[in-house]
Amino acid sequence: MRVRFAPSPTGALHIGGARTALYNWLLARGGGGTLVLRIEDTDRERSTPENVEQILDALRWLGLDWDEGPSFQSERAGRHAEALEQLLASGHAYHSNATAEDVKAYKQLHGDNRGFRGQAESDGAVRLRVPDQGETVVADVIRGETRFRHEHIDDPVIARADGSVLYNFAVAVDDLDAGITHVVRGEDHLSNTPKQLLVFEALGAQPPLYAHLPLLHGPDGRKLSKRHGAASVQELRAAGYLPEAVDNYIALLGAGFSSDEEFFSLGELAQRFRLERVSKNPAVFDEQKLRHLNGRHLRELGLDELTRRLEQFTRREGLRGAVEISAEKIQTLADFWPLAGFLFDGPAEDEAAFQRTICKDDGIELLGASREALAAAAEPFSVPDVEAALRGVVDARGAKPGKVFQPVRVAIAGTTVSPGIFESVALLGRLEALRRIDSALSHASQICA
RNA sequence: GCCGCUAUCGUCUAGGGGACUAGGACGCCGCCCUCUCACGGCGGUAACCCGGGUUCGAAUCCCGGUAGCGGUACCA
């Protein structure tokens, strides 16, 4: 089995493209196949080296490697010209100067479902000659047979007047030469497939098998774009998602893996992936579910690896202790710093939280009591020591735990949300914890009414 | 307009004529756990697009409608 991923470098790798790449990779890795990477850059205006690098970078980040390539369609002009000559010589293609207006006029005359047929001329663009009789059947692995009657298909332009070839021709020649056995791509190519099949036939070659994947839509049911949500792999990465989770999630979009389990590694996905089982209907990208999966993958990483990734993501060091007490509370890498940053950068400033906890009821008094308890807490001031000290305050005062702990939390973190209070205080250390509480106490004496 | 594709909870899906009182996951709601937020556990909410057939029996098969999407470039 030889499969290919053939993006056109007209922008960042979109999540739909990422899924196409992933499915091809899964196919190759799951069954000892070969994955060929080809850059379809025949659109000279929109293809840039920066875009190519961006796509390669996204692929690597996702953990999708390839066996051959990247090759560039633009570098195969010689071979394309040769194949074009072959079709011209055999009468399967002809020169024509017919314009879009000519095509329109033809349809006005013959009916708007009648495919355009041109007259052979001595120069001009090159059109493929589509037979009037019969039909071309696309035997799609996912969709079954789709029939296209030849009389409905226009003679497609396959090369410009300057000899440069167009997509539907180049793609067929390239797939043929690369020995591709399975073409797996988005459903937007389904209507183009009969034209490509006709090129194979004209060349006297055996076409590959095709599988057209359902498209991915945004939350509003419309085509996914930059307007709604993170649509590119780079954006997902910047938003703190793990490649493991993105792979897992996009694999799930459109593939019926299993009805009772949805948490998979790349390897497991490769083992389970079945092209025939891919769904036929378009799917909506749901960031909520990605977040959920990301949280699971995050915890699956283990503390060492998670720390490594968080240090890379935040560009900070010495995060291990903070990661340890925050791991179960975050779903993305981006969630970490807002939750645990106070451990390094000092308490956040949240006056509302301060008012709500420390200024309210006997918050100041309880905070003072906690301060004394922590000052007297046993060495080594580890989590159990801190817990014993603070629970001692709860017991002595007969207060509800939250009434004691929340003021301490606000004093050291600045906010009402943080990792466990005992863990946080122990990690800060006695000196720093007392310093922050003292500072909160003096602040309270000034602002609490 | 024309040529195609698709149609199960809000979302992703399971379902291949009787096992469907339609299963799972995310979300949402409630409860438990609990120092906040999470994690985890338990329970709940919620769907077969519509209309005709075929059949003893249809979410499943066929036809039509409707809707969504794609293609319709000398783009890919």
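In the text below, chain A, chain B and the rest are named by the order of the sequence lines, each starting its count at 1.
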By nearest nucleotide on RNA chain B, pick out whichever of A:Ala125 and A:Asp286 is the more 5' one. A:Asp286
Look at A:Asn192 and B:G71 and indicate whether a side-chain polar atom (N or O) is within less than 4.0 Å of OP1 or OP2. no
Base paired to B:A22 (Watson-Crick or G-U; both N/O distances under 3.5 angstrom): none
Check every atom of B:A7, B:C2, B:C69 against the side chain of A:Leu215 and return the nucleotide holding the closest atom. B:C69
Applying ring pair (Phe, Tyr, Trp, His ring centres under 6.0 Å) to A:Phe148 and A:His152, what does each step give before you reach the verdict? CA-CA 7 Å; A:Phe148 296 86; A:His152 294 152; 9.7 Å; no
Determine if A:His189 stacks with B:A76; use a centre-to-centre distance below 5.5 Å and an interplanar angle below 30° as the criteria. yes
Let me check something: any side-chain donor-acceptor pairs from residues 331-338 of chain A under 3.5 Å, sequence neighbours excluded? List them with distances.
{"from": "A:Gln331", "atom 1": "OE1", "to": "A:Arg291", "atom 2": "NE", "distance (Å)": "3.4"}
{"from": "A:Thr332", "atom 1": "OG1", "to": "A:Ala334", "atom 2": "N", "distance (Å)": "3.2"}
{"from": "A:Thr332", "atom 1": "OG1", "to": "A:Asp335", "atom 2": "N", "distance (Å)": "3.2"}
{"from": "A:Thr332", "atom 1": "OG1", "to": "A:Asp335", "atom 2": "OD1", "distance (Å)": "3.2"}
{"from": "A:Asp335", "atom 1": "OD2", "to": "A:Arg291", "atom 2": "NH2", "distance (Å)": "2.9"}
{"from": "A:Asp335", "atom 1": "OD2", "to": "A:Gln331", "atom 2": "N", "distance (Å)": "3.0"}
{"from": "A:Asp335", "atom 1": "OD2", "to": "A:Thr332", "atom 2": "N", "distance (Å)": "3.1"}

Between B:G4, B:A14, B:U13, which one does the side chain of A:His152 approach most closely? B:G4
Which nucleotide in the set B:C5, B:C26, B:A76 lies at the smallest distance from any side-chain heavy atom of A:Arg143? B:C5
Taking the side chain as every heavy atom from C-beta outward, state whether A:Glu135 and A:Arg149 have any atom pair closer than 4.5 Å. yes
Decide, for B:G16, between syn and anti: a glycosidic angle within 90° of 0 counts as syn, anything else as anti. syn
Any donor and acceptor pair, going by atom type alone, linking the side chain of A:Asn294 with main-chain N or O of A:Ala245 inside 3.5 Å? no
Nearest-nucleotide pick for A:Gln73, side chain only, options being B:U13, B:U72, B:A76: B:A76
I need the A:Arg4 CZ to A:Thr20 OG1 distance, nearest 0.5 Å. 10.0 Å
Using atom P of each nucleotide, how far apart are B:U45 and B:U36 to the nearest Å? 29 Å
Any side-chain N or O of A:Asn168 below 4.0 angstrom from OP1/OP2 of B:C75? no
If the P atom of B:G70 is compared with that of B:G57, how far apart are they to the nearest Å? 40 Å
State, with a plain yes or no, whether a side-chain heavy atom of A:Leu56 is found less than 4.5 Å away from one of A:Trp66. yes
Selection from B:A76, B:C3, B:U6 that lies nearest to any side-chain heavy atom of A:Arg160: B:A76
A:Arg114 atom CZ is separated from B:C3 atom C1', nearest whole Å, by 14 Å
Does A:His189 reach the side chain of A:Tyr210, with side-chain heavy atoms less than 4.5 Å apart? no
Between B:A76, B:C74, B:C5, which nucleotide has the shortest distance from any of its atoms to the side chain of A:Arg127? B:C74
Options B:C12, B:G4, B:C75, nucleotide nearest the side-chain atoms of A:Val284: B:C12
Suppose you measure atom C1' in B:A46 against the same atom in B:U11; what distance do you get, rounded to whole Å? 12 Å
Figure out the CG/P separation between A:Leu293 and B:U13, and round it to whole Å. 14 Å
Separation of A:Arg185 atom CZ from B:C75 atom C1', in whole Å? 15 Å
Please measure how far the P atom in B:G16 lies from the corresponding atom in B:G23, and state the result in whole Å. 14 Å
Under a plain distance cut-off of 3.5 Å, with no hydrogens placed, do A:Thr193 and A:Arg185 share a side-chain donor-acceptor pair? yes
Among the candidates B:G4, B:G71, B:G15, find the nucleotide nearest to the side-chain atoms of A:Arg277. B:G15
Without decimals, in angstroms, what is the distance between A:Phe264 CZ and B:G24 P? 17 Å
Side chain of A:Ser279 only, heavy atoms from C-beta on: which candidate in B:G71, B:U13, B:U6 is closest? B:U13
The contact string for nucleotides 36-45 of chain B, one letter per nucleotide 5' to 3', using protein heavy atoms under 4.0 Å with B, S and - for base, sugar-phosphate only and none, comes out as BBBS------
Whole-Å gap separating C1' (B:U72) and NZ (A:Lys195): 7 Å
Find out whether A:Asp247 and A:Phe264 are in side-chain contact, i.e. whether some heavy atom of one side chain is under 4.5 Å from a heavy atom of the other. no
Distance, C1' atom - from B:A22 to B:U8, rounded to whole angstrom: 8 Å
Pairing partner of B:C5 (Watson-Crick or G-U wobble, both distances under 3.5 Å): B:G68
Donor-acceptor pairs are to be reported for all side-chain atoms of residues 353-364 of chain A against protein atoms at under 3.5 Å, with residues two or more places apart or in another chain.
{"from": "A:Thr357", "atom 1": "OG1", "to": "A:Ala353", "atom 2": "O", "distance (Å)": "2.8"}
{"from": "A:Asp361", "atom 1": "OD2", "to": "A:Lys403", "atom 2": "NZ", "distance (Å)": "2.9"}

Between B:C62 and B:A19 - C1' atom distance, rounded Å: 25 Å
Atom CZ of A:Arg4 and atom P of B:A76: how far apart are they, to the nearest Å? 14 Å
OP1 or OP2 of B:C35 versus the side-chain N and O atoms of A:Arg391: is any pair under 4.0 Å? yes
Taking the P atom of each, how far is B:G4 from B:G64, in whole Å? 12 Å
Could you give the distance separating B:A14 and B:A59 at their C1' atoms, to the nearest angstrom? 12 Å
Closest to side chain of A:Gln288, choosing from B:G70, B:C26, B:C75: B:C26
